[in-house]
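In this text, all values refer to a predicted model and were calculated from it rather than measured experimentally. We name chains A, B, ... by the order of the sequence lines, and we start the count at 1 in each one.
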Protein chains: 2
Amino acid sequence: MITESVEEYLETIYRLYERGVATTTTNIAKELKVAPASATQMLKKLAKQGYLKYTPYRGVTLTAKGKRTGKEILRKHRVMEKFLGTLGIPKSKIHKEACELEHHIPHDLERAIYQKVEGEKPLPPGAPSDVVPLTSLLDGQKGVISFIGGGRGASQRLADLGLTPRTEITVIKSALFRGPLLISVRGTTLAIGRGVASRIFVRAK
Amino acid sequence: MITESVEEYLETIYRLYERGVATTTTNIAKELKVAPASATQMLKKLAKQGYLKYTPYRGVTLTAKGKRTGKEILRKHRVMEKFLGTLGIPKSKIHKEACELEHHIPHDLERAIYQKVEGEKPLPPGAPSDVVPLTSLLDGQKGVISFIGGGRGASQRLADLGLTPRTEITVIKSALFRGPLLISVRGTTLAIGRGVASRIFVRAK
DNA sequence: TTTAAAATTTAGGCGTGCCTAAATTTAAAA
DNA sequence: TTTTAAATTTAGGCACGCCTAAATTTTAAA
């Protein structure tokens with residue numbers, strides 16, 4: 001059985017490798033905030049298990065198996081980060097939570113979540129990255145309209161409702177996947193469809 | 001710091017308590033598939049930490065603190081089960097995965113997911129519980145139509161497309177939150193809107 | 001090339017949570 | 001009430017993964 005610690009090491013080593021940083025005992029230990037002596041132990045063990053080649057005093061090189069595994073975990077990490085963002089988890093917590101979750105998400109769940117968050121493209125290329133579709137906000141959350149995606153017509157119709165950039169919106173009632181959103185704008189409550197809502201991009205507060 | 005094992009014990013004990021089963025060393029050990037001797041050790045520890053009262057040879061009683069903690073973990077477990085179901089994870093895996101995840105979902109993430117899955121009511125009261133809206137299936141998944149929600153009109157229009165109960169559907173392309181679904185029915189590919197799709201209830205395969 | 005500093009490894013320990021085998025206590029049958 | 005079976009605890013161990021301190025090796029400066 002592959003332990004959480006093994007995964008953590010492989011992910012870290014893969015990260016360094018990807019960044020072109022030398023995969024030495026010290027670098028790995030530093031990255032993991034662990035004593036170098038602890039890293040030595042683990043690296044020997046990983047070598048024995050065929051994840052990497054270990055040359056004493058010289059650092060390590062991932063084998064194909066090691067790369068594959070490290071990459072997989074890194075991918076889980078990234079998918080979870082995206083997912084947490086979609087759910088409106090504060091940025092400050094996202095990395096740490098993803099670090100934890102990456103070890104407990106089985107492959108098929110990662111795939112399922114990946115498909116979900118991919119479908120949810122915060123879209124317009126070049127858009128500020130802290131902007132999300134209105135549909136991503138949770139009940140009670142507030143956001144400020146950043147822009148409206150998808151053509152003149154949409155913008156015009158929304159403007160008629162008072163939904164223009166810089167307007168503050170509070171989500172009263174949303175739901176996952178379907179059904180209209182109930183929102184509050186300048187003291188007025190509005191119901192808007194999901195299709196339209198997904199084209200309103202807001203900066204969450 | 002509360003360890004995963006401590007959580008597991010508290011959840012289990014709370015479960016037994018909820019079910020009215022005696023919280024004896026043996027019952028707890030059996031439930032956790034652990035040797036009774038191991039349970040004794042842990043129960044002593046939990047008593048020292050104030051989660052329960054331990055009387056040798058007589059079993060344990062949860063304190064208020066123990067109940068609170070056990071309940072919280074059980075709730076996380078249940079929310080995760082629901083969430084996994086929503087994502088189309090096969091039933092056979094749901095319980096086990098939820099068991100794992102419950103220990104790694106921070107409170108706020110559990111709350112966020114809870115709101116999402118609550119919005120996604122597999123609806124019609126009395127409906128078989130393994131039935132989900134078509135929108136819950138992932139790309140490539142197959143399902144068999146169980147029934148159509150929402151009135152004659154909808155049923156009729158869908159029937160015209162060949163979408164009637166017992167028909168098998170394959171989802172070709174779906175996405176989170178928005179956009180139409182591309183599905184395959186009897187060899188034909190169809191595009192249907194999310195609104196309609198959310199009213200087609202299927203049993204996932 | 002020698003030598004001191006830096007990097008790395010070895011040795012010895014700690015806490016957690018599990019296990020088995022052997023005692024001990026409790027419960028129930030004779 | 002005695003005796004035996006079942007439940008429970010005690011004792012002794014194991015694997016993990018971390019740590020510090022002391023040894024060793026490498027590197028780079030003099």
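B/Y14 meets the ring pair (Phe, Tyr, Trp, His ring centres under 6.0 Å) test with B/Y17; sequence neighbours excluded. Among residues two or more places apart in sequence or in another chain, the ring pair (Phe, Tyr, Trp, His ring centres under 6.0 Å) test is passed with B/H103 by none. With sequence neighbours left out, B/K93 forms a side-chain contact (heavy atoms from CB on, under 4.5 Å) with A/D108, B/I89, B/P90, B/E97. Under the side chain to side chain donor-acceptor pair (under 3.5 Å) criterion, A/S184 pairs with no residue, sequence neighbours left out.
The environment of B/K65 atom NZ is dense: over 12 non-hydrogen atoms of other residues, nucleotides or ligands sit within 6.0 angstrom.
With a cut-off of 3.5 Å on both pairing distances, the Watson-Crick or G-U wobble partner of C/dA5 is D/dT26.
Counting non-hydrogen atoms under 4.0 angstrom, B/T40 reaches a base of the nucleic acid.
The shortest distance between side-chain heavy atoms of A/K71 and A/E18 does not fall below 4.5 Å. With a 4.5 Å cut-off on side-chain heavy atoms, B/L163 and B/I200 count as touching.
Between A/S5 and D/dC16 there is no side-chain N or O to OP1 or OP2 distance below 4.0 Å.
Across the protein-nucleic acid pair, B/M42 atom CE and D/dT9 atom P stand 15 Å apart, rounded to whole Å. The separation between A/Q41 atom CD and D/dT20 atom P is 13 Å, rounded to whole Å. Summarising the geometry, the separation between CD on A/E7 and C1' on D/dG17 is reported as 15 Å, rounded to the nearest angstrom.
Taking every heavy atom of residues 11-19 of chain B and every atom of DNA chain D, no pair lies under 4.0 Å. Looking at residues 44-60 of chain A, you'll see A/K45, A/Y57, A/R58 sit with a heavy atom under 4.0 Å from some atom of DNA chain D.
Between B/R75 and B/E110, at least one side-chain N (NZ, or NE/NH1/NH2) sits under 4.0 Å from a carboxylate O, which counts as a salt bridge.
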